[in-house]
Amino acid sequence: MGASAAAGVQMVAARPCISASQGMLTSRAAVSRIGRALSTTTGFTTCPRICYSSPLGSSKRSGVAIRAMSSESGPQGLPIDLRGKRAFIAGVADDNGYGWAIAKALAAAGAEILVGTWVPALNIFETSLRRGKFDESRKLPDGSLMEIVKVYPLDAVYDSPEDVPEDVKGNKRYAGSSNWTVKEVAESVKNDFGSIDILVHSLANGPEVTKPLLETSRRGYLAALSASSYSFVSLLQHFLPIMNPGGASISLTYIASERAIPGYGGGMSSAKAALESDTKVLAFEAGRKGKIRVNTISAGPLGSRAAKAIGFIEKMIEYSYVNAPLQKELLADEVGNTAAFLVSPLASAITGSTVYVDNGLNTMGLAVDSPTISS
């Protein structure tokens, strides 16, 4: 079975929470009070930004000019600037998964976007793009539409044409597509564009994911590892030679790698554990060999079509909402923004890490909605 465009558990569900307008009013009121206090005590009408004309460590103290700059003087904060960078995102087959959200965040930061789509889903995905069905989802913060420069057919379960069994070669779902193994896709990208700077792995598939581990077959277990974890090794192995030094690679994992999540079976928890372990090893090897950083994002449950195969996602969403420190809906954009940071120069010293984007659920050791606690 080919690797689907699911990465761990992906589901989204709107949950009642405190009114957004109430939260904004509260925040604005607090900011207003702080602003008035600053104005009274310092004479600044807005929070100042301190700039130095020479390094703080300079021995010429008289050469240090300190000035306060209003927020109206220009762009503020640290920008995530990926202009001139090219990203290949493996595992985009629709507009409601983490892969799509990451592609949008990278595009919003200025990166050129290439995607790899599972071969059986390729025709539907390209048709939807062409007919404008994704146009609303393609909207970027500046109002423009995300441009996907090229879509490549990809099945990351197979490293090279020699690995593809005859029944898959003759499968009508693969008819009309060619050069879709990992090796061939990397070669095609090299021929088309020369190099990339960012590699994103947003792939996962477990054919027996609904089975308890004790009932999982060897074939099902190994299939989960092949599609969900070794595929990352293979992608980085084949794309590393065309990645520019200073580039970055990320994958998506799930907390089942380290905690028991009953129902998340078929070897998928083992696959995620392998993915996180491989992230550390690959960070060392790719860092030394190609100056490439490697990280993984442990994302909370988000609603994607592929994730519904697990069968009890709504309960996982409810559990996360009730028990996480941040009692709010987890948005795909929040994972996308984290990915944009991790592949940007702002994260130039971060590699080999598992970064949690789950409203803090990973920190909890006790379910606060437990009947035992409530009683």
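Numbering of residues begins at 1 and proceeds along the displayed sequence.
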Hphob cluster co-occupancy, [X] + [Y], side-chain heavy atoms under 4.5 angstrom:
X: Leu275; Y: Phe284; result: no
X: Leu106; Y: Leu346; result: yes
X: Leu236; Y: Val233; result: yes
X: Val355; Y: Ile198; result: yes
X: Leu366; Y: Val368; result: no

Without swapping roles, check the side chain of [X] against the backbone of [Y] for a donor-acceptor pair under 3.5 Å.
X: Thr351; Y: Val294; result: yes
X: Ser344; Y: Phe341; result: yes
X: Thr363; Y: Gly360; result: yes
X: Thr296; Y: Ser251; result: yes
X: Ser277; Y: Ala273; result: no
X: Ser348; Y: Pro345; result: yes

- request: Tell me, with the steps shown, if His201 and Leu199 meet side chain to side chain contact (heavy atoms under 4.5 Å, CB included).
  value: CA-CA 7 Å; His201 176 276; Leu199 176 65; 6.0 Å; no

Less than 4.5 Å apart, side chain to side chain, heavy atoms only: is that true for [X] and [Y]?
X: Tyr221; Y: Leu213; value: yes
X: Ser249; Y: Phe232; value: yes
X: Lys272; Y: Tyr264; value: yes
X: Ser177; Y: Leu122; value: yes
X: Val168; Y: Tyr158; value: yes
X: Thr181; Y: Asp163; value: no
X: Val151; Y: Leu129; value: yes
X: Val335; Y: Leu252; value: yes

Atom [atom1] in [X], atom [atom2] in [Y]: separation rounded to 0.5 Å?
X: Ser353; Y: Asn295; atom1: OG; atom2: CG; answer: 5.0 Å
X: Ile250; Y: Tyr98; atom1: CD1; atom2: OH; answer: 12.5 Å
X: Ile242; Y: Glu187; atom1: CD1; atom2: CD; answer: 9.5 Å
X: Ser257; Y: Met268; atom1: OG; atom2: CE; answer: 10.5 Å
X: Glu136; Y: Asp95; atom1: CD; atom2: CG; answer: 10.0 Å
X: Leu203; Y: Ser228; atom1: CG; atom2: OG; answer: 8.5 Å

- request: Taking side chain to side chain donor-acceptor pair (under 3.5 Å) as the test, write out the residues that go with Asp135, two or more places apart.
  value: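 Result, side chain to side chain donor-acceptor pair (under 3.5 Å) vs Asp135: Arg138.
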
Quick check: closest heavy atoms across [X] and [Y], and the distance to 0.1 Å?
X: Arg173; Y: Trp118; answer: NH2-CH2, 3.8 Å
X: Glu208; Y: Ser217; answer: OE2-OG, 2.5 Å
X: Ala224; Y: Pro207; answer: N-CD, 4.3 Å
X: His238; Y: Pro241; answer: O-CD, 3.5 Å
X: Asn179; Y: Val185; answer: O-CG2, 3.6 Å
X: Ile292; Y: Leu240; answer: CG1-CD1, 3.5 Å

message: List the residues meeting ring-ring contact (aromatic ring centres under 6.0 Å, His included) with Phe134, not counting sequence neighbours, and say none if there are none.
response: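 Per chain and number, Phe134 pairs via ring-ring contact (aromatic ring centres under 6.0 Å, His included) with Trp100, Phe125.
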
- prompt: Which of these passes side chain to side chain contact (heavy atoms under 4.5 Å, CB included) with Ile297: Thr354, Asp358, Thr338?
  reply: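 For Ile297, the side chain to side chain contact (heavy atoms under 4.5 Å, CB included) check succeeds only for Thr338.
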
message: If you apply the rule side chain to side chain contact (heavy atoms under 4.5 Å, CB included), what do you find for Asp197 with Arg86, and how did you get there?
response: CA-CA 5 Å; Asp197 304 277; Arg86 182 177 297 115; 4.0 Å; yes

message: Test side chain to side chain contact (heavy atoms under 4.5 Å, CB included) on Val164 and Asp155; report intermediate values, then the result.
response: CA-CA 10 Å; Val164 183; Asp155 193 330; over 6 Å; no

query: Is Glu166 paired with Lys169 through a side-chain N to carboxylate O contact shorter than 4.0 Å?
result: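 Between Glu166 and Lys169 there is a salt bridge, with a charged N closer than 4.0 Å to a carboxylate O.
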
message: Filter on salt bridge (Lys or Arg N to Asp or Glu O under 4.0 Å), then keep only pairs touching residues 333-345, sequence neighbours left out; what's left?
response: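 Pairs touching residues 333-345 that pass the test: Lys328-Glu334.
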
- request: Any chance you could lay out the side chain to side chain contact (heavy atoms under 4.5 Å, CB included) test for Tyr230 and Leu225, step after step, and finish with the verdict?
  value: CA-CA 6 Å; Tyr230 185 77; Leu225 265 71; over 6 Å; no

